[in-house]
Amino acid sequence: MAEAAKRNPVKELTKGIVKDNPVLRLVLGCCPTLAITTSVENAIGMGIAATIVLILSNIVISALRKVIPSRVRIPCFIVVIAAFVSMIQLLVKAFAPSLDAALGIYLPLIVVNCIILGRAEAFASKNGIALSALDGVGMGIGFTLALVLMAIIREFFGSGNLTLKVLGFGTSLTDLFGLGDSNVLSALHMDPIIIFILAPGGFFVYGLLIALINLLGRHQGKKDAELNCCNVMEDAEGNLVLVADGKTIVMPKVETTPQIKKVEAEGKEAAEA
Amino acid sequence: MKLVAIMLTTIFTQNFVLSKFLGICPFLGVSKKKDTAIGMSGAVLFVMLLATIVCYPLNLILTKNGFGYLQTLVFILVIASLVQFVEITMKKYMKPLYSALGIFLPLITTNCAVLGLVTLNVQEGYNFIESIFNALGAGLGYGLAMIMFSGIRERMEGNDIPKFWQGLPITLVAAALITCTFLGFTGVIENMFGA
């Protein structure tokens, strides 16, 4: 791979953290981003689990990229990813049962996280093992950081607390200040805005962050963040363009039947008259 | 009565999109126009029902033989192949249905709502009929959210929105508002059926 040899390993690692952040720039994997960012602890747990799956699946898919026929590559990728997710699921169940309870169905749903399948399709299936692993590490860190950032905003304003824990070890903001059952916001004579940790807060904070990133990006002449996971657009000829998992499918426009066209034309004439 | 309660709960209080955050990507991506939103939600409902019917007996076989840990792997493979199969059959034998719903099928293979639904059915311990009603509720709730949201987005089209809020950010804020309205359903179904 001549092209791959030219790639700079450091850039492959760092691009996922800021420039191509999977959550805030590429807009992949929205479901866990919105669902589990109600506490920092959950965000870190989810980030680590997804990162491990991402790195391992990137390595395996990259190693098998010349063996997998391109026609059945997506099912093959899914099998590899699902195998690793099942392993992580069992490990979390055994060693971090509280995290398993907190993440609930979102843990098995890492299988359908667009980031992992998207990176497999867009990167690991075209590049060498080392580069794919670095890409996985970078994207995983970027995903975790974005989750933690969102969780900090939501948890702090929503409950006046921050659970700074990794796998059950660590502390929380209320413990740190010795506030007991109270929270930081009430200590400052303010009330927590509960809606931030409820469902609407997720959408709102995510929108706010993307708007901020867009604002910063515009100064550097970058394009706005665009949904890359499951998007439907129309191109110039009126064909539907589906974007899913890092690949683009163009659906030719469905021809309207002559009868409908005639009715439409008559309608237009009537309107003009 | 329990069946109706299950269905209404998944439509309103535990809406898949607006309270469980499943299938957010198509919710944001396919809701630009009402007709694509309707097509997508029809396809999702169809696949959800089929996936439930197929995955329920499979799960019984798996747990009976002590392979419960393979659940995720088996479910996602079954769903992916099912979607492919439905797409091919629709394309060949049901042309009108294909042009209305089928074109969205490639988007559903990795839709977390479908996998989430079959996983939830297992976790909640629903029997076959209850699972079907849960799937029906999930699909209808999905459609409700999609169609409502596409109506809002069609209206937003000509609005004067600050530059960096255009596109995705304002869509997310609109979704936040629509979610607020669904919060109002909290507890309604439980009180109605005394569950």
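Convention: sequence-line order gives letters A, B, ...; per-chain numbering from 1.
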inquiry  = For A:Tyr206 and A:Phe203, I'd like to know if the aromatic rings sit close, meaning centre-to-centre distance below 6.0 Å.
reply    = no
query = Taking the six-membered ring for Trp, are the ring centroids of B:Tyr56 and B:Phe128 within less than 6.0 Å of each other?
reply = yes
query = Pick from B:Ala174, B:Ser81, B:Gly116, B:Pro169: which one has the most heavy-atom pairs with chain A under 4.5 Å?
reply = B:Pro169
ask   = Given the rule in the side-chain contact (heavy atoms from CB on, under 4.5 Å) test, do B:Met148 and B:Leu144 qualify, once you have shown the distances and angles that lead to the verdict?
value = CA-CA 6 Å; B:Met148 270 168 65; B:Leu144 179 71; 4.1 Å; yes
For [X], is it the side chain, the backbone, both or neither that has a heavy atom under 4.5 Å from a heavy atom of chain B?
X	answer
A:Leu198	side chain
A:Val27	side chain
A:Ile81	neither
A:Leu90	side chain
A:Val79	both

note = Residue from A:Ala211, A:Ala82, A:Ala199 scoring the most non-hydrogen pairs under 4.5 Å with chain B is A:Ala211
query = Relative to chain B, which of A:Ile213, A:Leu212, A:Thr33, A:Ile210 shows the most heavy atom pairs under 4.5 Å?
reply = A:Ile210
query = Hey, does A:Phe157 have a side-chain heavy atom less than 4.5 Å from the side chain of A:Ile194?
reply = no
task = Would you indicate whether the side-chain heavy atoms of A:Arg119 and A:Leu26 approach each other to under 4.5 Å?
result = yes
request  = Using a strict cut-off of less than 4.0 Å between a Lys/Arg side-chain nitrogen and an Asp/Glu carboxylate oxygen, indicate whether B:Glu157 and B:Lys32 qualify as a salt bridge.
outcome  = no
key: Within 6.0 Å of CD in B:Gln84, more than 12 heavy atoms from elsewhere   = no
message = Tell me the closest heavy-atom pair linking A:Val40 and A:Glu155, and the distance in Å.
response = N-OE1, 3.0 Å
Pick one of side chain, backbone, both or neither for [X], based on which atoms fall under 4.5 Å of a heavy atom in chain A.
X	result
B:Ala80	side chain
B:Leu168	side chain
B:Ile170	neither

